[in-house]
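One structure is given below, encoded as structure tokens.
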Amino acid sequence: MPVITLPDGKQKQFDSPVSVAEIAASIGPGLAKAALAGRVDGKLVDTSFSVEHDATVSIVTEKDQDGLEILRHSTAHLLANAVQELFPDAQVTIGPVIEDGFFYDFAYRRPFSTEDLAAIEQRMAEISAKDLPVHRRVLPRDEAIAHFKNIGEHYKAEIIGAIPAGESISLYGQGSWEDLCRGPHVPSTGKLKAFKLMKVAGAYWRGDSRNEMLQRIYGTAWATEKQLKEYLKRLEEAEKRDHRRIGRELDLFHLQEEAPGAVFWHPKGWALFQSLVGYIRQRQGEAGYQEINTPQIMDRELWIQSGHIEKFGENMFMTKTPDERTFAIKPMNCPGHVQVFKQGLRSYRELPLRLAEFGKVHRYEPSGALHGLMRVRAFTQDDAHIFCTMEQVTAESVAVTQLILSIYRDFGFDDVRIKFSDRPAKRVGSDEIWDKAERALQDACAAAAIETELNPGEGAFYGPKLEFVLRDAIGRDWQCGTLQVDLNLPERLGASYIAEDSQRHIPVMLHRAMLGSLERFIGILIEHHAGKLPLWLAPVQAVVMGITERQDEYCAEVTENLKNQGLRVETDLRNEKVGFKIREHTIKRVPYLLVAGDREVEARTLAVRTRSGKDLGAVELNELAALLTEEVAGRGRIILEDRLSQRRSA
RNA sequence: GCCGACUUAGCACAGUGGUAGUGCAACGGUUUUGUAAACCGUAGGUCGGGGGUUCGAAUCCCUCAGUCGGCACCA
């Protein structure tokens, strides 16, 4: 006699056990049709699930996030079903839901081609059109293993083998096709209408590069055709924000074959780069850091001491000199900074000592990892190491975290994900030291009141870390800022200070980078703003253009004037129509286009047009300079356009 | 590094065994122009590198490199 409580608080009593589908039907036929699954006392179940006791029940439809995920998961099954119909000797492995879609990994004797993909998608549509009911059955674990071995599904058998003995295994399927799955799934294949297979790629079995490579098929699935179209449109738009494309269009940088993973910065790109350096230099200077510079190439010995050779030797650039010494091109700055710390006898009174460097590092990254500015072999870190006592760790970590978040806000990143990465399998230092370091970093997170996601086993080999993660245009995550608590390297590299007790103590070293890699950060910045960099960062902030030769002299004078006030301004006196010049500089994302005709020369004004196409009318030269300077100083929080309309309405 | 695709003029692309093309950009000239493309003309390519098959290769085969999409890696 179950009593069912619905989300609106209403209760319904049934005489006998009742399925989720029946509950939906008792509420209304529309809901019965829309039902994809149910949530019974918080647990997701199939619509066929029978509720036998009093419970809170809600009906999951495509409007729920959970409903959408079930839809995607069922579409992954639909994919596997289609693949095995077309390629009967392909074995299934795993097929999870991911952001915006799903994938499924198959073991097959050859890679799938794009033609295969089209055929598979076609078959999926056919199975969907048949609207086959999705069925479920349960087998004891050992029986399930035997069953999958028997039908030649060795990967599935291996997966089930990892499930504790004695547990039951659920199998889901449609028609004669079946797969191991926890569920829940949609009630019938007809619910799966809006999907598309996106790409094929190789992927290692169990994510381990020592294993064989499987064939992964990626797909996307949505509740409606319209949502699918919107998603595809979004992807198309995101492609236009690609930093590699914008980098070329705006003449910021290039890469070429002779220097894989190394950037050739052009004047405009370098101007942007230098803006970032200048800004960080200012912010960290105010925060009590001292800037240093350390050698690019140092004896290999130092990297043996630090442990980098052992862990990353394969990824380091080495060079042997005629005198038979082997040097390493620095892959990071820490050992250099420790050498600076080690000069002379240090006192506890000097701590915390914050040493910063815009250090260019080289890492021989695997060829397949290279990606535009995001993953390169030569890059510049806004690196710093804070030498401090254990007692100072929390306060310093909180300060670093707050500084990073404040800086990110200036760049327009208000929503930053922070990951907490704890001890990796391959590491240096005792477990006691790791316990201490992880606790210190956790305390700091609590004190800074930041929320973090756990990233298990992803810490540096010498200490746990916080990762400040930003997202590119198509949703890929990239680590930018980082903060690491290191109780290992100072000792390995022989750093110490004299404490109040007159004894030598080993300092704690905090590693921190705020932008991380300047190259990567610029990549993210370009994609985030689609190339329309805020005024304070734009390589060219304004272009002054005349309408005829008569304004040439005035234009030159205005440009000179604005340049003298520290603005990055160019003149365009080419023999072209003003419409042509406007078009060109708009495409180049120049924030302000300043047009001078006879009227403007006469009144000593400039007609101001924004890159978004707004004509702000004539502005007096001195007022314009003041407004531009103000917008730069405000780092985008004060916009010339708003100021102008304020003044005009006042 | 692994799987797959791709590499033709500065950029975007066409060209499936028989004399390398189009658009934009570039350069020269005319035009002196009022807010997203004036007009005319000129030049530009060992078809990623190397090797092979063929009477003949951008095109077919091998190999190396780079790029792209994933995987693995990421101090």
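Letters A, B, ... mirror the listed sequences (proteins, then strands); counts begin at 1. Values below: every heavy atom of this structure, side chains too, minus hydrogens, waters and symmetry copies.
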Worksheet item: How far does the P atom of B:rG29 sit from the matching atom of B:rG34, given to the nearest Å?
Response: 23 Å
Worksheet item: How many Å lie between CZ on A:Arg248 and C1' on B:rU67, as a whole number?
Response: 11 Å
Worksheet item: B:rC11 P sits how many Å from A:Glu584 CD, rounded?
Response: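 Interatomic distance, CD of A:Glu584 to P of B:rC11: 18 Å.
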Response to the item:
Partner of B:rG21 under the Watson-Crick or G-U wobble criteria, both distances under 3.5 Å, comes out as B:rC13
Discussion item. Could you identify the nucleotide paired to B:rC68, looking across every strand shown and requiring Watson-Crick or G-U wobble geometry with both distances under 3.5 Å?
Written reply: B:rG4
Discussion item. Hydrogens and angles aside, do A:Glu357 and A:His337 bring a side-chain donor and acceptor to less than 3.5 Å of each other?
Written reply: yes
Between [X] and [N], is there a side-chain N or O to OP1/OP2 distance below 4.0 Å?
X	N	answer
A:Arg244	B:rU67	no
A:Arg110	B:rC3	no
A:His371	B:rG70	no
A:Lys581	B:rA37	no

Give [X] one of three labels, base, sugar-phosphate or nothing, depending on what nucleic acid heavy atoms sit under 4.0 Å from its own.
X	value
A:Lys577	base
A:Arg216	sugar-phosphate
A:Leu593	nothing
A:Gly516	nothing

Discussion item. Tell me whether the side-chain N or O atoms of A:Arg375 pair up with the base of B:rC73 as donor and acceptor below 3.5 Å, since no angle test is needed here.
Written reply: yes
Item to complete: Please state whether the base of B:rG1 and the side chain of A:Tyr204 form at least one donor-acceptor pair under 3.5 Å?
Response: yes
Worksheet item: Should A:Tyr554 and A:Leu606 be marked as a side chain to side chain contact (heavy atoms under 4.5 Å, CB included) after you check the CA-CA gap, both sets of side-chain angles, and the distance that decides it?
Response: CA-CA 10 Å; A:Tyr554 178 70; A:Leu606 287 154; 4.1 Å; yes
Worksheet item: Given the rule in the salt bridge (charged side-chain N to carboxylate O under 4.0 Å, His left out) test, do A:Glu158 and A:Arg206 qualify, once you have shown the distances and angles that lead to the verdict?
Response: CA-CA 11 Å; A:Glu158 191 179 325; A:Arg206 301 216 139 153; 3.2 Å; yes
Discussion item. Can you confirm if the aromatic rings of A:Phe521 and A:Phe413 lie within a centre distance of less than 6.0 Å?
Written reply: yes
